[in-house]
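Report on the following structure.
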Amino acid sequence: MRKVADCRDYPSESNCSLTISGEEEEVVRAAAEHAASVHGHTDSPELRQEVRKMLKDEVAA
C-alpha cells in the first residue's frame, strides 16, 4: 500500500502544503530530505523514525 506524508498536517511558519506519496521507504526518504532542506530539521535516523510514524495510507481517488 502506498503511503502519504502531508506537511499540511503539521503547521509550520512557512505554511508548507507539500504532499509526498509513494512506497513507504521512498516517502520516508523524500520527507526527511524535505524536512531538512525546507524546514531546517537535521536528517537523522530519529527524524526518519518520526516521519515513518506520521505516514498515512493513501486513499484511492
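Note: hydrogens, waters and symmetry copies are ignored here, and every other heavy atom, side chains too, is used. Residues: numbered from 1 along the sequence shown.
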Got a second to check how far [X]'s [atom1] is from [Y]'s [atom2], nearest 0.5 Å?
X	Y	atom1	atom2	value
M1	E58	CE	CD	8.5 Å
R2	L55	CZ	CG	12.5 Å
D6	I20	CG	CD1	9.0 Å
C16	D9	SG	CG	11.5 Å

- Got K56 and K3 here, is their nearest side-chain heavy-atom distance under 4.5 Å?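 They are not in side-chain contact.
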- Message: Any non-hydrogen side-chain atom of T19 less than 4.5 Å from a side-chain atom of V4?
- Response: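 Contact flag for T19/V4 side chains = yes.
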- After noting the C-alpha distance and the side-chain angles of E25 and R52, does the key distance pass the salt bridge (Lys or Arg N to Asp or Glu O under 4.0 Å) rule? CA-CA 9 Å; E25 290 306 315; R52 191 176 308 279; 2.8 Å; yes
- Message: For a quick test of reading the model, state the closest non-hydrogen atom pair linking S17 to R8 and the distance between them.
- Response: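 The answer is CA-CG, 3.7 Å.
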Just distance, no hydrogens or angles: give the donor-acceptor pairs under 3.5 Å from side chains in residues 27-42, sequence neighbours left out.
from : atom 1 : to  : atom 2 : distance (Å)
H34  : NE2    : H39 : NE2    : 3.2
S37  : OG     : E33 : O      : 3.1

